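Heads up: the structure comes next, in structure tokens.
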Amino acid sequence: MPEISLHHAHPWDVPPKEAVEIQRQLAPLVREAPLDFEAVRTVAGLDVSVRDDRVRAAVVVYDVRAREVVEHAIWEGPTPFPYVPGLLSFREVPAILPALERLRQRPDVYMLDAQGRAHPRRFGLACHLGVLLDAPALGVAKSILVGRHAPLAEPKGSAQPLVHKDETVGLALRTRERVKPVYVSVGHRITLRDAGRLALGLAEKYKLPQPTHLAHRLSYRGSL
DNA sequence: GCGACAG
DNA sequence: ATCTTGTCGC
């Protein structure tokens, strides 16, 4: 079992003010690059649920060719940080990392139930995890943190850029007809275009792509 | 100063 | 995120 090596590690138990400073320091490290789909066999779906003062992180490793879950893991622990808009990663990453350590294999791509660059400082949870792991990552959120977009057409696959302060930070993407869209954004080592393609391609049965949908189920119910 | 605000 | 049954519509 390969050990997880973190890039640019830093403390998590810090006051909000310092957390913001850490984000500003790491944001420039985010890289956008084409995703080599030929080399992608597995996509990890990640999600964290909260129960009283406990958090439960769940990871599902989804084989994109076989279209099935090949491995999954859970980790539970005390809630380390309150929910503060813009600082979600400081609440969830400390639980996600130990969950990832319980996997036997390293996923090729990480898909988060959160924002990537569509964040006030361009450093949402998907960016944070991507930079720490130095691996391809993308965010697929159910609602907007920052930015606006034009109305979407009806068909599945319709999309509109999500713009914040004159900058395209994400994509409003309709993954199912007549269903509210999801918000895709770059986490790390992927382009917005490829992130959109991946999210749409994995949205087989539900609004959310399979990896994220299943991870949400696993963290919420405790089983698949 | 007043709203908005991933999960 | 979480608390929760039925119900309307494709």
Side-chain angles (χ1 to χ4, degrees), chain A residues 12 16-17 19-20 22-23 26-27 30 45-60 74-97 99 110-132 137-149 153-156 158 162-165 167-188 192 195-196 199 203 205-209 211-222:
Chain A
W12 296 99
K17 183 83 170 177
V20 168
I22 289 173
Q23 294 183 320
L26 299 179
V30 172
L46 295 157
D47 195 25
V48 175
S49 61
V50 181
R51 235 71 180 181
D52 300 315
D53 54 346
R54 304 275 296 176
V55 294
R56 176 158 61 196
V59 53
V60 166
I74 280 181
W75 183 87
E76 293 182 28
T79 302
F81 204 86
Y83 170 68
V84 178
L87 297 180
L88 184 63
S89 59
F90 284 81
R91 181 178 170 84
E92 304 203 342
V93 175
I96 288 175
L97 291 177
Y110 295 84
M111 181 179 282
L112 285 296
D113 201 347
Q115 309 293 349
R117 279 190 143 155
H119 176 278
R121 290 170 290 283
R122 307 292 180 263
F123 200 69
L125 170 54
C127 295
H128 208 145
L129 187 69
V131 167
L132 288 181
L138 68 153
V140 182
K142 299 182 294 300
S143 63
I144 297 173
L145 175 59
V146 296
R148 323 170 12 81
H149 67 85
E154 314 76 53
K156 169 179 180 177
S158 299
L162 179 63
V163 180
H164 178 53
K165 295 188 174 181
E167 180 182 354
T168 293
V169 297
L171 197 67
L173 174 67
R174 201 187 295 286
T175 53
R176 300 297 288 175
E177 284 186 41
R178 305 181 213 77
V179 175
K180 301 269 66 181
V182 294
Y183 302 91
V184 180
S185 58
V186 170
H188 192 48
L192 180 56
K205 306 174 178 166
Y206 311 98
K207 158 181 170 176
L208 293 180
T212 293
H213 174 81
L214 294 170
H216 186 278
R217 246 177 125 52
L218 182 58
S219 67
Y220 187 72
R221 304 171 39 181

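Just so it is clear, the structure is predicted and the values come from calculations on it, not from any experiment. Residue numbers begin at 1 in each chain, while the letters A, B, ... track the order of the sequences.
Checking the phosphate oxygens (OP1, OP2) of dG7(B), a side-chain nitrogen or oxygen of Ser143(A) falls inside 4.0 Å. In this structure, Arg51(A) does not reach the dA1(C) phosphate: none of its side-chain N or O atoms is under 4.0 Å from OP1 or OP2. Between Tyr183(A) and dG7(B), a side-chain N or O to OP1/OP2 separation shorter than 4.0 Å is absent. A sub-4.0 Å separation between OP1 or OP2 of dG7(B) and a side-chain N or O of Lys142(A) is present.
Leu87(A) has its side chain within reach of Pro16(A): a pair of non-hydrogen atoms, C-beta onward, lies under 4.5 Å apart.
Between His128(A) and Phe90(A), the gap from one ring centroid to the other is short of 6.0 Å.
In this entry the distance linking NE2 of His164(A) with C1' of dA6(B) reads 13 Å, nearest Å. Between Tyr220(A) atom OH and dC3(C) atom P there is a gap of 5 Å when expressed in whole angstrom units. At whole-Å resolution of the value, CZ in Arg148(A) and C1' in dA4(B) are 13 Å apart. In this structure, Leu87(A) places its CG atom 12 Å from P of dA6(B), rounding to the nearest Å. In this structure, CG of Asp113(A) is placed 11 Å from P of dT2(C), rounded to the nearest angstrom. For the pair Asp53(A) CG and dT2(C) P, the computed distance is 14 Å after rounding to whole Å. To the nearest angstrom, C1' of dA6(B) lies 15 Å from CZ of Phe90(A). Rounded to whole Å, atom P of dA6(B) lies 13 Å from atom NZ of Lys207(A).
Nucleic acid contact class of Glu177(A) (heavy atoms, under 4.0 Å, all strands): none. In this structure, Leu112(A) reaches neither bases nor backbone, as no heavy-atom distance under 4.0 Å exists between it and the strands shown. Among the heavy atoms of the strands lying under 4.0 Å from Gly86(A) is at least one base atom, whether or not backbone atoms are also near. Counting any heavy atom pair closer than 4.0 Å across all strands shown, Ala141(A) reaches sugar-phosphate atoms only and no base atom.
Taking Glu76(A) as the reference, Arg56(A) meet the side chain to side chain donor-acceptor pair (under 3.5 Å) condition, with sequence neighbours excluded.
Counting non-hydrogen atoms of neighbouring residues, nucleotides and ligands closer than 6.0 angstrom, the NZ atom of Lys156(A) exceeds 12 such neighbours.
Across the interface with DNA chain C, nearest-nucleotide mapping of His216(A) and Arg178(A) shows His216(A) to be the residue nearer the 5′ end.
Ring stacking holds between Tyr83(A) and dG7(B), with the centres under 5.5 Å apart and the planes within 30 degrees of each other.
None of Thr168(A), Ile144(A), Leu171(A) except one satisfies the side chain to side chain contact (heavy atoms under 4.5 Å, CB included) rule with Leu162(A); the exception is Ile144(A).
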